[in-house]
Amino acid sequence: MYVLESERCFLRKFIVDDAPMFYKLNLHPDIFRFTTDPPFIDVAKAGEFIRSYKGYDREGNGRLTVVLKNTLEPIGWCGLKFLDDEGEVDVGYRFLPEYWGNGYAAETGLTCCKYGFTALKLERIVARVHKENTRSIKVVEKIGMSYEKDILYNDIWWKSFVLLRSQI
C-alpha cells in the first residue's frame, strides 16, 4: 500500500478516504495565496478529484498522500509531477497547517527526490515556488535545491529551484 517511506512518514497513492483531508487542506487561505489550484467546493468534489487523478499513469510518478507512521493519520501530500509545458519533473507538497514547521515537507520532499533520481533515473527535479512564499522557499533549500530562475506562469511570478542527481 505504501509507495515510499521517510523517517516519520509513509507515502501512498491517493484513496477516496483522503477526501475529507483534501477538502480541509484546500480551505486554508494561506494555501490559496500561493497556489493556482481552485478549492474544492465540498468533500464530494475532493473525492471526484481523487478518483480521476491520473498522475500515476505518467512517467511512474505522481503526488502521494503523506501519512504519519505513529498515528496513520493523513497530513497532506507530497510527490513528483511531470510538467507537460516544460518537460520537467516537479516536486510539490501541501500539508495541513497544524503540521507546518515540523519538517515534514522537507523530509518527504527529499524522499521523493531521491526516488526520482534512483528509481526513475531523472537527471534533475525542479520546484516552482510563489515568489512571496518564504516558508516554501526554505523547504526547497533544506531539500538541497538551488535557485535557478524566475518564471511567469498563469500571470504569476514564481521562483524556480533545481536539484540535480549529481547533488544527491
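It should be emphasised that the depicted structure is a prediction, and the values quoted were computed from it without experimental measurement.
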Under 3.5 Å, is there a donor-acceptor pair between the side chain of Trp157 and the main chain of Asp150? no

Decide yes or no for Asn61 and Leu120: does some side-chain heavy atom of the first lie under 4.5 Å from some side-chain heavy atom of the second? yes

Would you call Glu48-Lys45 a salt bridge at under 4.0 Å N-O? yes

What class does the angle between the rings of Phe22 and Phe14 fall in, given that below 30° is parallel, 30 to 60° is tilted and above 60° is perpendicular? perpendicular

Test item: side-chain donor near acceptor, Thr35 and Arg94, under 3.5 Å: yes

With side-chain contact (heavy atoms from CB on, under 4.5 Å) as the test, pick out the partner of Cys78 among Cys112, Cys9, Ser6. Cys112

OH (Tyr2) with more than 12 external heavy atoms under 6.0 Å: yes

Flag side-chain contact, heavy atom, 4.5 Å: Tyr153 against Arg128: no

Salt bridge check, Arg124 against Glu148: does any charged N sit closer than 4.0 Å to a carboxylate O? yes

If we count only N and O atoms by modelled type, under 3.5 Å, do the side chains of Tyr93 and Glu107 hold a donor and an acceptor together? no

Do the numbers put Arg8 on top of the ring of Tyr104, so that NZ or CZ is under 6.0 Å from the six-membered ring centre and no more than 45° off the axis? yes

Tell me whether Lys69 is salt-bridged to Glu7, with the criterion being a basic N under 4.0 Å from an acidic carboxylate O. no

Within the distance-only criterion (no hydrogens, no angle test), does the side chain of Asn102 pair as donor or acceptor with the backbone N or O of Tyr99 below 3.5 angstrom? yes

Pair Glu98, Lys24 - check salt bridge (Lys or Arg N to Asp or Glu O under 4.0 Å), show working. CA-CA 11 Å; Glu98 56 265 35; Lys24 182 179 175 188; 3.0 Å; yes

Is the number of heavy atoms from other residues, nucleotides or ligands under 6.0 Å of Lys131 NZ greater than 12? no

Donor-acceptor check, side chain of Gln167 to backbone of Leu164, threshold 3.5 angstrom: yes or no? yes

Between Arg63 and Asp90, does at least one N-O distance fall below 4.0 Å, as a salt bridge requires? yes

Determine whether a donor-acceptor pair (N or O, by modelled atom type, separation under 3.5 Å) exists between the side chain of Asn133 and the backbone of Ser136. yes

Under a 4.5 Å cut-off applied to non-hydrogen side-chain atoms, are Leu11 and Thr108 in contact? yes

Would you say the side chain of Ile15 lies within less than 4.5 Å of the side chain of Arg12, judging by non-hydrogen atoms? yes

Would you say the side chain of Lys114 lies within less than 4.5 Å of the side chain of Arg165, judging by non-hydrogen atoms? no

State whether Tyr56 and Lys13 meet the cation-pi test: NZ (Lys) or CZ (Arg) under 6.0 Å from the six-membered ring centroid, and within 45° of the perpendicular axis. yes

